[in-house]
Amino acid sequence: MSEELVMPRLSDTMEEGTIGRWLVHEGDAFAAGDVLAEIETDKATMEFQAYDAGTVLRILVGDGETVALGAPIAIVGAEGETADEAASAGNGATAPPPQEEAAAEPAPEPEAKAAPARKPSKSSSKAKAAAGNGSRAAVALRVSPIARRMADEAGIDLAAMAGRGSGPEGRVVKADVERLISSGELTRPAAADAPPATESAPAEGEIRELTPMLKAVATRMTQSKQTVPHFYVESEIDMTRAMQLRAELNSGLADSGDKISVNDLIVRASALALIQHPQAHRSYVGGKHLYHTHANIGIAVALDDGLIVPVLNEADTKPVREISRETRDLAARARAGKLKQREIEGATFSVSNLGMFDVANFEAIINPPESAIIAVGATADRPVVVDGEIVVCKIMRVTLSCDHRACSGADGAKLLLTIKQLLQSPSLLLV
């Protein structure tokens with residue numbers, strides 16, 4: 001019995017996905033748990049695993065193509081079966097040409113199982129009835145994802161194609177857009193009152209589409225700055241003793257392969273401080289305060305083109321060595337696109353460290369529903385007055401960004417002060 005694989009929901013904010021690459025080919029057999037493809041979502045590149053064994057009968061969406069959540073991406077079935085046989089058997093699987101996607105409808109959860117045969121919606125049934133009765137009711141414009149993208153790139157207005165496409169129920173498909181492009185029909189007119197374009201790429205420039213991840217970052221950060229009332233508290237932390245402790249720990253761990261970073265100490269200090277200050281460790285959600293039981297720390301990881309924040313869950317319960325191991329594993333798999341959905345969700349606080357780039361200090365943008373994020377600059381030797389004498393200390397500047405709806409200025413200041421005290425008395429991080 002053949003089945004459709006549909007674009008799964010791999011993140012809570014996902015609306016569409018891009019096939020990064022297929023790891024199987026048509027005709028390949030696979031077992032339950034095998035990774036079939038890598039899918040780029042709005043948060044990360046995720047592995048798409050099979051829940052059952054089967055054979056790939058037809059791949060409907062190729063590498064690099066983007067489709068909406070719930071759209072069919074492949075047909076799988078029994079060994080020796082073909083996609084055409086599956087379609088003729090009337091078992092619910094569809095077999096459109098490889099270059100054209102089927103209609104995109106939302107899927108409730110990510111899974112590598114067949115989407116059930118879809119029944120026409122009440123609205124589409126009514127539209128058909130109205131059309132049969134000569135009704136003047138407006139006809140909805142139905143466009144496949146690839147056709148819409150091609151039309152947008154070519155500047156073609158598809159409004160007049162509503163109900164006139166060659167696909168099911170008048171759906172506009174790739175072939176329809178190709179015909180319009182070749183004929184020069186329906187070119188989108190420029191608005192009469194539109195000002196002349198003032199931004200354009202230079203002749204030698206290159207315009208590239210944003211990846212789903214970069215689109216999500218742009219959207220979420222814009223929403224955060226527009227809707228979250230940020231306030232900032234800044235401090236300088238004497239890291240002299242923390243650096244000495246780190247050197248001592250790494251000397252003792254040299255044979256184990258483990259290595260403690262400055263960021264590991266900051267994550268540990270932040271986690272302990274958050275538990276001590278519940279007023280600064282709560283989220284503003286729907287007009288209410290959500291208090292968090294554990295400190296789930298998001299750790300910003302820079303990618304070649306983008307940013308991802310894997311989550312170290314219950315960091316307040318983990319010793320520094322375990323934090324170090326888990327952080328290195330998360331960062332490595334983040335760069336390799338091997339993170340699971342649960343590993344990029346549920347953070348209650350984030351650490352963004354640019355110290356390795358010799359950044360003195362900066363202000364980070366909160367990632368809702370988190371209520372705070374700490375921005376960490378470089379640690380540098382600075383002259384400091386201690387007990388009336390000038391000594392050289394290792395000073396690190398940090399800035400805490402807070403959501404004023406979730407905590408007051410005093411709450412944020414107390415949280416930062418505790419983080420500072422823990423790092424300046426680093427033996428407290430080991431108990």
Could you tell me whether the side chains of [X] and [Y] share a donor-acceptor contact shorter than 3.5 Å?
| X | Y | value |
| --- | --- | --- |
| N263 | S261 | no |
| S324 | D264 | yes |
| E65 | T18 | no |
| S283 | H292 | yes |
| H281 | S371 | no |

Item to complete: For the pair Y232 and H230, name the ring-plane relationship: parallel under 30°, tilted 30 to 60°, perpendicular over 60°.
Response: tilted
Worksheet item: According to the interplanar angle, ranging from 0 to 90°, do the rings of Y284 and H289 count as parallel (below 30°), tilted (30 to 60°) or perpendicular (above 60°)?
Response: perpendicular
Neighbour count above 12 (heavy atom, 6.0 Å) for [X] [atom1]:
| X | atom1 | value |
| --- | --- | --- |
| D381 | CG | yes |
| K420 | NZ | yes |
| E248 | CD | no |
| E209 | CD | no |
| F357 | CZ | no |
| K338 | NZ | yes |

Please determine if [X] and [Y] form a salt bridge, counting it only when a charged side-chain N lies under 4.0 Å from a carboxylate O.
| X | Y | answer |
| --- | --- | --- |
| D258 | R321 | yes |
| R333 | D329 | yes |
| R382 | E236 | yes |
| E326 | R328 | no |

Item to complete: Apply the test side chain to side chain contact (heavy atoms under 4.5 Å, CB included) to residues Q49 and L36: give CA-CA distance (whole Å), side-chain angles for both, the deciding distance (0.1 Å), then the verdict.
Response: CA-CA 6 Å; Q49 293 183 319; L36 304 182; over 6 Å; no
Fill in: Spacing of L312 atom CG and R325 atom CZ [to the nearest 0.5 Å]
13.5 Å
Worksheet entry | Result of checking I365, I366, N367 against I373 for side chain to side chain contact (heavy atoms under 4.5 Å, CB included) | I366
Worksheet item: Can any side-chain N or O of T219 pair as donor or acceptor with the backbone N or O of A216 at less than 3.5 Å?
Response: no
